[in-house]
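Side chains included, hydrogens not; waters and symmetry mates left out as well; all remaining heavy atoms used. Small disclaimer: the values here were computed from a predicted structure and weren't measured.
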Amino acid sequence: MKDVDDSCWICGKKELLPFTCRFCGKNFCATHRLPEQHACQGLEFEQRHPGYTGSISNKGSDNVFKDMIRTTIRKTAKGLGKGIWSSIMSSMKNSPSMAIIYICLVSFFVGNIFLGATYFNLFKLTPAFMLTQPWTIVTHMFLHVDFGHLFFNMLVLFFFGRELENRIGKSRFWGVYFVSGIVAAIGYSLTVANPYSAVVGASGAILGVFATLTVLAPDMRIYVYFIPMKIKYALLLFALLDFAMMGSSDMVAHTAHLSGMLVGLFMGFRIKSNMRKYNSAYNSYDRRW
């Protein structure tokens, strides 16, 4: 036998068929049956945690607390995911360097973890197949063989790419990056001894970016392996190292690096000249006005 309490939880009035609130599970008389008239805690809980269904009193305080935690975690994770995705999309839209970094990261995980050799064979640049696979002259720039290769390229692009795009604008930056990378690939293809030796990586394009920035800000102070120096001396050091290592068996495309640097220098001088002409014309117009 079970003793049934048919009294109102608020006023204690007994009724033959009391009303049971579906939100909190307590019994009420006709006067206090509406959730608003008995300050229903269950209704308030459901409004705050719409993912939860059921009666608070039946669950018990421990289960209610657990449900609140689960609902909060679920909402927080959902909001955090949306926030991260929104932040990524915003940074890709506003910064070409960040867009390239994210694309390279995705490409790295797809190529090195999921698809492997199939992915690399489709997008790596092999000089012997460059005419039959023309897309590889661009796609090879988004492939990296290991994490170290990816990390150092993206580190340089993060610092110096963003600095260059702030100086010359997004559209010019895209031009410097892709022209440097494409010419670097062509330079490698024309000088490599074995046309079946494939190349991947963004180094040629990034060194083109680095060289362009050097022309525009030659006295900028940077750190190379924790050694402070002007960026123009750093570029000279990189060029000398690539010249010295040409023909070695270190699996580095030095001719691609040098080709990217040359293109970057050329484009840097062109951009600098155009900026001077624009500033001169602007100052002349300002004086006449």
#### Entry: Shortest non-hydrogen contact between V192 and P127, atoms and distance
CG1-CG, 3.9 Å
### Message
Between M245 and F152, is there shared hydrophobic-cluster membership here, with clusters defined by ILVMFWY side-chain heavy atoms closer than 4.5 Å?
### Response
no
### Nearest-0.5 Å distance that lies between atom CG in L258 and atom CG in L207
8.5 Å
### Task
Over all heavy atoms of both residues, which pair between G208 and V176 is shortest? Give the atoms and the distance, please.
O-CG1, 4.0 Å
### Query
Side chains of L265 and L235: closer than 4.5 Å at any heavy-atom pair?
yes
### Query
Which pairs pass side-chain hydrogen bond (donor to acceptor under 3.5 Å, both in side chains) with one or both residues in residues 100-116, sequence neighbours excluded?
S107-Y119
### Message
For F238, give me all partners under ring-ring contact (aromatic ring centres under 6.0 Å, His included), at least two apart in sequence or on another chain.
### Response
F210
### Single-linkage hydrophobic cluster, 4.5 Å side-chain cutoff, V252 and L241 together
no
### Query
Under the side chain to side chain donor-acceptor pair (under 3.5 Å) test, which residues partner S259, sequence neighbours left out?
none
### Under the ring-ring contact (aromatic ring centres under 6.0 Å, His included) test, residues paired with F178 that sit two or more places apart
W174
### Task
Treating Ile, Leu, Val, Met, Phe, Trp and Tyr as nodes and any side-chain heavy-atom pair under 4.5 angstrom as an edge, say whether L236 and F266 lie in one connected cluster.
no
### Query
For the residue pair A253 and V199, what are the closest heavy atoms and their distance?
CB-CG2, 3.8 Å
#### Entry: side chain to side chain contact (heavy atoms under 4.5 Å, CB included) involving Y196 - partner list, sequence neighbours excluded
A128, F129, N194
#### Entry: Geometric cation-pi criterion R162 and F158, 6.0 Å radius, 45° cone
yes
### Query
Is it the case that one hydrophobic cluster holds both Y225 and L240, taking links as side-chain heavy atoms less than 4.5 Å apart, direct or via other members?
no
### Task
Not counting sequence neighbours, list each pair that qualifies as a side-chain hydrogen bond (donor to acceptor under 3.5 Å, both in side chains) and has a residue in residues 124-133.
N121-K124
### Query
Any idea which heavy atoms bring F123 and L143 closest together, and the distance?
C-CD1, 3.6 Å
#### Entry: Spatial distance of atom OG1 (T136) from atom CG (L131) [nearest 0.5 Å]
9.5 Å
### Query
Do T212 and L164 come close enough that some side-chain heavy atom pair is under 4.5 Å?
yes
### Message
I'd like to check I103 versus F108 (side-chain heavy atoms, cut-off strictly below 4.5 Å). Are they in contact?
### Response
no
## Note on the structure
Taken to the nearest 0.5 Å, the spacing of F142 CZ from L105 CG works out to 12.0 Å
### Query
Nearest 0.5 Å, what's the CE-NE2 distance between M246 and H257?
12.0 Å
### Query
salt bridge (charged side-chain N to carboxylate O under 4.0 Å, His left out): which pairs involve residues 210-239, sequence neighbours left out?
D219-K230, D219-K232
#### Entry: More than 12 heavy atoms from other groups under 6.0 Å of NZ on K93
no
### Side-chain heavy-atom pair L125, M130 within 4.5 angstrom cut-off
yes
### Point-to-point distance, once rounded to the nearest 0.5 Å, from OH of Y188 to CD1 of I137
13.5 Å
### Message
Can you tell me how far apart CZ (F159) and CG (L213) are? Round to the nearest 0.5 Å.
### Response
13.5 Å
### Task
For R167, check salt bridge (charged side-chain N to carboxylate O under 4.0 Å, His left out) against everything at least two apart and list the hits.
E163
#### Entry: Flag side-chain contact, heavy atom, 4.5 Å: P228 against I222
no
#### Entry: Heavy-atom side-chain proximity of V200 to M141 below 4.5 angstrom
no
### Query
What side-chain hydrogen bond (donor to acceptor under 3.5 Å, both in side chains) pairs are there with at least one residue in residues 137-147, not counting sequence neighbours?
H144-N153
#### Entry: Derivation and outcome, side-chain contact (heavy atoms from CB on, under 4.5 Å), residues M275 and I168
CA-CA 9 Å; M275 285 180 171; I168 67 176; 3.8 Å; yes
### Sequence-distant partners of L190, side chain to side chain contact (heavy atoms under 4.5 Å, CB included), two or more places apart
I186
### Task
Measure across S180 and G204 and return the closest heavy-atom pair with its distance rounded to 0.1 Å.
CB-O, 4.0 Å
### Message
Is any side-chain heavy atom of W135 closer than 4.5 Å to one of L122?
### Response
yes
#### Entry: Closest contact, heavy atoms only, F173 versus I100
CE2-CD1, 4.1 Å
### Query
Mind checking whether V183 and L262 sit in one hydrophobic cluster, side chains of I, L, V, M, F, W, Y counted as touching below 4.5 Å?
no
### Message
Does any part of the side chain of L157, heavy atoms only, come nearer than 4.5 Å to the side chain of I101, both counted from C-beta?
### Response
yes
### Query
Under a single-linkage rule joining Ile, Leu, Val, Met, Phe, Trp and Tyr whose side-chain heavy atoms are separated by less than 4.5 Å, which residues share a cluster with F226?
none
### Query
Can you list the residues that meet the salt bridge (charged side-chain N to carboxylate O under 4.0 Å, His left out) rule with K170, with sequence neighbours excluded?
none
### Query
Short question: side chain of E165, backbone of S97 - any donor-acceptor pair under 3.5 Å?
yes
